[in-house]
Participant: 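I have a structure here, written as structure tokens, and I will follow up with some questions on it.
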Amino acid sequence: MKLVVTAEERDLVASLRDLFTTHCPPELVRSLRAPGADPFPEKLWASLVAAEVLALPFAEDVGGAGGTLDDLAAAYAEAGRALCPTIVLSTLHLGLAVDALGTDEQRGRVLPALCRGELRGAVALASPYDAADVRPALRAERMADGTVSVSGRLDHVLDADLAHRVLATAALRTYGEPDRLVGLLIDPRADGVALTALPTSDGDRLQQVDLDLVSVPADDVLAGPGGAGLSLERVRRAALLVRALQCVDMVGGAGAVLDRTVAHTRGREQFGRPIASFQAAQHLVADIHIAVQGARLAARSAVFWHGRGRPALRETAIAVLHAATAYRRATLDGHQLHGGMGYVVETDLHLWSERARLLGSLGGGPDVAGRWLEEANGRG
């Protein structure tokens, strides 16, 4: 993995930071969570589409911008700093999964609409408690007319209520043949789908999705080469890539908390001097900085190796261990250094703390990542 940042990469980061600073301030994050408010960020979405952020990682032949996963990681870091609404990132996750698991026809149908901002999405490829566990939670059966009927329950699906399609996996039963693993692009508003909001500290962005004999068109079934089914390993790679990108998001958020905390300690005075001049405060800030820098390297390394075709279980595990821990530490120590004002909702700091709790646990936290690392090391 290269560590030297090029001029093009610096320009990309600068333009992304300006975009998110302008169109995604903390006031927007607060307004989307207000009772009765529309949770979809219409104006931000339009700005991101115009800047080709949604098109960034996809090939030009499907309407994309022809960027790389490294470019996308830069976007995730800036999105994390700005607490970008998760529907934006969930839509990118859908596109990446279809790009990796779909046929050329499915890529050509789904990705152009996504890049134009006409399609919003979410993914449920893995257990919400363990991103490496991709055993299907749904049961499906092919019908005489070629459609697939699917039933079951998906737990803790991020942004299912705002998505036009949710990509989930199912065990497809065909009479006289072994079950096959398939991906299904499910319309969350279709007959037989019931959504239940699951309250969290970061707003009601998680949904329980119950499906009862939901009909999925044949074109929306991702069945792998020749219709033989998807391999667990391919689905696992897609799910782990999502988790690696969430680690970059967490690092961006932790960096924003660090910057806000440094600014506060420089401006806040106690006993006639800035609290930044006290050694105890300096040690806390230094510890946050070290944790964030280590997490940044780990998260970018995981995305780098995903982009080079490696399964990257070990790298993703290390990224989760560092990123979730660093984000948690940054917010806890940041609150301490802000003193009493850090614990009132009028201060924006709690917005990052709530996002840290959500992303730190969804898909598995450091304890789960530790098991991945044991598995990867056991493989040699």
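All residue numbers refer to positions in the sequence shown, counting from 1.
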Participant: Which atom pair, heavy atoms only, marks the closest approach of His306 to Ala244?
Facilitator: CD2-CB, 3.9 Å

Participant: Going by the rule salt bridge (Lys or Arg N to Asp or Glu O under 4.0 Å), which residues pair with Asp348 if we only count those two or more places apart in sequence or in a different chain?
Facilitator: Arg30, Arg260

Participant: Out of curiosity, does Val88 fall in the hydrophobic cluster containing Val303 (side-chain heavy atoms, cut-off under 4.5 Å, transitive links)?
Facilitator: yes

Participant: State yes or no: do Val242 and Leu313 share one hydrophobic cluster built from I, L, V, M, F, W and Y residues joined by side-chain heavy-atom distances below 4.5 Å, directly or via other members?
Facilitator: no

Participant: Please evaluate residues Val53 and Leu16 with respect to the criterion side-chain contact (heavy atoms from CB on, under 4.5 Å), reporting the C-alpha separation (whole Å), side-chain torsions for both, the decisive distance (0.1 Å), and the verdict.
Facilitator: CA-CA 9 Å; Val53 173; Leu16 288 167; 4.0 Å; yes

Participant: Please report the interatomic distance CZ(Arg328) to CE(Met250), rounded to the nearest 0.5 Å.
Facilitator: 13.0 Å

Participant: Around atom CD of Gln279, are there more than 12 heavy atoms of other residues, nucleotides or ligands at under 6.0 Å?
Facilitator: no

Participant: Evaluate side-chain contact (heavy atoms from CB on, under 4.5 Å) for His264 paired with Leu349, printing each intermediate quantity in order.
Facilitator: CA-CA 11 Å; His264 175 76; Leu349 186 59; over 6 Å; no

Participant: Share the residues that join Leu213 in a hydrophobic cluster, the rule being Ile, Leu, Val, Met, Phe, Trp or Tyr side chains under 4.5 Å apart at the heavy-atom level.
Facilitator: none

Participant: Distance from Leu158 atom CG to Thr86 atom OG1, nearest 0.5 Å?
Facilitator: 4.0 Å

Participant: Do you know which two heavy atoms are closest between Val209 and Ala160, and how far apart they sit?
Facilitator: CG2-CB, 3.9 Å

Participant: Quick check: does any side chain N or O of Gln208 sit under 3.5 Å from a backbone N or O of Leu195, one acting as donor and the other as acceptor?
Facilitator: no

Participant: Is there a path of hydrophobic side-chain contacts, each under 4.5 Å between heavy atoms of I, L, V, M, F, W or Y residues, that connects Val251 with Leu72?
Facilitator: no

Participant: Does a salt bridge link Glu9 with Arg300, judged by any charged N lying under 4.0 Å from a carboxylate O?
Facilitator: no

Participant: So if you build clusters from Ile, Leu, Val, Met, Phe, Trp, Tyr with side-chain heavy-atom gaps below 4.5 Å, do Leu28 and Leu89 land together?
Facilitator: yes

Participant: Are the side chain of Thr68 and the backbone of Asp70 linked by a donor-acceptor contact shorter than 3.5 Å?
Facilitator: yes

Participant: When you compare the side chain of Thr169 with that of Leu138, does any pair of heavy atoms fall below 4.5 Å?
Facilitator: no

Participant: Out of the candidates Asp179, Val150, Val148, only one should pair with Leu172 under the side-chain contact (heavy atoms from CB on, under 4.5 Å) rule; please name it.
Facilitator: Val148

Participant: Taking the side chain from Thr91 and the backbone from Ile87, do they hold a donor-acceptor pair closer than 3.5 Å?
Facilitator: yes

Participant: Between Val320 and Pro366, what is the shortest heavy-atom contact and its length?
Facilitator: CG1-N, 4.2 Å

Participant: If only atom types and distance count, is the side chain of Thr325 paired as donor or acceptor with the main-chain N or O of His322 below 3.5 Å?
Facilitator: no

Participant: What do you reckon, is CZ of Arg237 surrounded by more than 12 foreign heavy atoms closer than 6.0 Å?
Facilitator: yes

Participant: Are Leu96 and Phe304 co-members of a hydrophobic cluster defined by side-chain heavy atoms under 4.5 Å apart?
Facilitator: no

Participant: Once rounded to the nearest 0.5 Å, what's the spacing between atom CZ of Arg296 and atom SG of Cys247?
Facilitator: 13.5 Å

Participant: At their closest point, which heavy atom of Asp249 faces which heavy atom of Gly80, and how far apart are they?
Facilitator: OD1-CA, 3.1 Å

Participant: To the nearest 0.5 Å, tell me how far Leu284 CG sits from Asp333 CG.
Facilitator: 5.0 Å

Participant: Just by modelled atom types, is the Glu315 backbone N or O under 3.5 Å from a matching donor or acceptor in the Trp372 side chain?
Facilitator: no

Participant: Between Arg243 and Leu362, is there a donor-acceptor pair closer than 3.5 Å when you use the side chain of the first and the backbone of the second?
Facilitator: yes

Participant: Taking salt bridge (Lys or Arg N to Asp or Glu O under 4.0 Å) as the definition, give me every residue that meets it alongside Arg173, ordered by chain and number, with sequence neighbours left out.
Facilitator: none

Participant: The criterion is salt bridge (Lys or Arg N to Asp or Glu O under 4.0 Å); which residues satisfy it with Asp187, sequence neighbours excluded?
Facilitator: Arg165

Participant: With sequence neighbours excluded, tell me which residues meet salt bridge (Lys or Arg N to Asp or Glu O under 4.0 Å) with Asp99.
Facilitator: Arg107

Participant: Using distance only, find each side-chain donor-acceptor pair of residues 113-125 under 3.5 Å and give its atom names and separation, not counting sequence neighbours.
Facilitator:
{"unit_1": "Arg116", "atom_1": "NE", "unit_2": "Glu118", "atom_2": "OE1", "d": "3.3"}
{"unit_1": "Arg116", "atom_1": "NE", "unit_2": "Glu118", "atom_2": "OE2", "d": "3.0"}
{"unit_1": "Arg116", "atom_1": "NH2", "unit_2": "Glu118", "atom_2": "OE1", "d": "3.0"}
{"unit_1": "Arg120", "atom_1": "NE", "unit_2": "Leu162", "atom_2": "O", "d": "2.8"}
{"unit_1": "Arg120", "atom_1": "NH2", "unit_2": "Leu162", "atom_2": "O", "d": "3.1"}

Participant: If you link ILVMFWY side chains whenever their heavy atoms are less than 4.5 Å apart, which other residues fall into the same cluster as Phe271? By chain and number, please.
Facilitator: Ile275, Phe278

Participant: Would Asp133 and Ser127 count as having a side-chain donor-acceptor pair, cut-off 3.5 Å?
Facilitator: no

Participant: Show the atom names and distances, to 0.1 Å, of all donor-acceptor pairs under 3.5 Å that link a side chain in residues 217-231 to residues at least two apart or in another chain.
Facilitator:
{"unit_1": "Asp220", "atom_1": "OD1", "unit_2": "Arg109", "atom_2": "NH1", "d": "3.0"}
{"unit_1": "Asp220", "atom_1": "OD1", "unit_2": "Arg109", "atom_2": "NH2", "d": "3.4"}
{"unit_1": "Ser231", "atom_1": "OG", "unit_2": "Arg234", "atom_2": "N", "d": "3.1"}

Participant: Could you name each residue pair satisfying side-chain hydrogen bond (donor to acceptor under 3.5 Å, both in side chains) that touches residues 141-154, not counting sequence neighbours?
Facilitator: Asp145-Thr147, Arg153-Asp210

Participant: Report the hydrophobic cluster partners of Ile290, with the cluster defined as I, L, V, M, F, W, Y residues connected by side-chain heavy atoms closer than 4.5 angstrom, directly or transitively.
Facilitator: none

Participant: Classify the side-chain pair Thr200/His156 by whether it contains a donor and acceptor separated by less than 3.5 Å.
Facilitator: no

Participant: Checking Ser353 against His335: is there a side-chain donor and acceptor pair closer than 3.5 Å?
Facilitator: yes

Participant: Can you name the nearest heavy-atom pair linking Ala312 to Trp305, along with the distance?
Facilitator: CB-CB, 4.4 Å

Participant: Is Arg314 reaching over with its side chain to a backbone N or O of Ala376, donor-acceptor style, under 3.5 angstrom?
Facilitator: yes

Participant: Evaluate side-chain contact (heavy atoms from CB on, under 4.5 Å) for Val262 paired with Arg266, printing each intermediate quantity in order.
Facilitator: CA-CA 6 Å; Val262 169; Arg266 286 176 172 172; 3.7 Å; yes

Participant: Listing request: all side-chain hydrogen bond (donor to acceptor under 3.5 Å, both in side chains) pairs with a residue in residues 37-62, at least two apart in sequence or in separate chains.
Facilitator: His23-Ser47

Participant: What residues join Ile318 in its hydrophobic cluster, counting side-chain heavy atom gaps under 4.5 Å, either direct or through other members?
Facilitator: Leu321, Leu373

Participant: From the options Val166, Val216, Val98, select the one residue that forms a side-chain contact (heavy atoms from CB on, under 4.5 Å) with Leu185.
Facilitator: Val98

Participant: I'd like to know if the side chain of Arg355 reaches the main chain of Cys84, judged simply by a donor and an acceptor atom lying under 3.5 Å from each other, with no hydrogens or angles considered.
Facilitator: yes

Participant: For atom NE2 of His289, decide whether the heavy atoms of other residues, nucleotides or ligands shown that lie under 6.0 angstrom number more than 12.
Facilitator: no

Participant: Work out which heavy atom in Leu12 is nearest to a heavy atom in Ala74; give both atom names and the distance.
Facilitator: CD2-CB, 4.2 Å

Participant: Look up atom CG in Leu245 and atom OG1 in Thr316, then write down how far apart they are to the nearest 0.5 Å.
Facilitator: 9.5 Å

Participant: Decide yes or no for Ser31 and Pro41: does some side-chain heavy atom of the first lie under 4.5 Å from some side-chain heavy atom of the second?
Facilitator: no

Participant: Does the side-chain contact (heavy atoms from CB on, under 4.5 Å) test come out yes or no for Leu358 and Leu206, once each step is laid out?
Facilitator: CA-CA 10 Å; Leu358 174 69; Leu206 294 174; 3.9 Å; yes

Participant: Let me confirm one number: the CD-CG distance from Glu233 to Leu240, rounded to the nearest 0.5 Å.
Facilitator: 8.5 Å

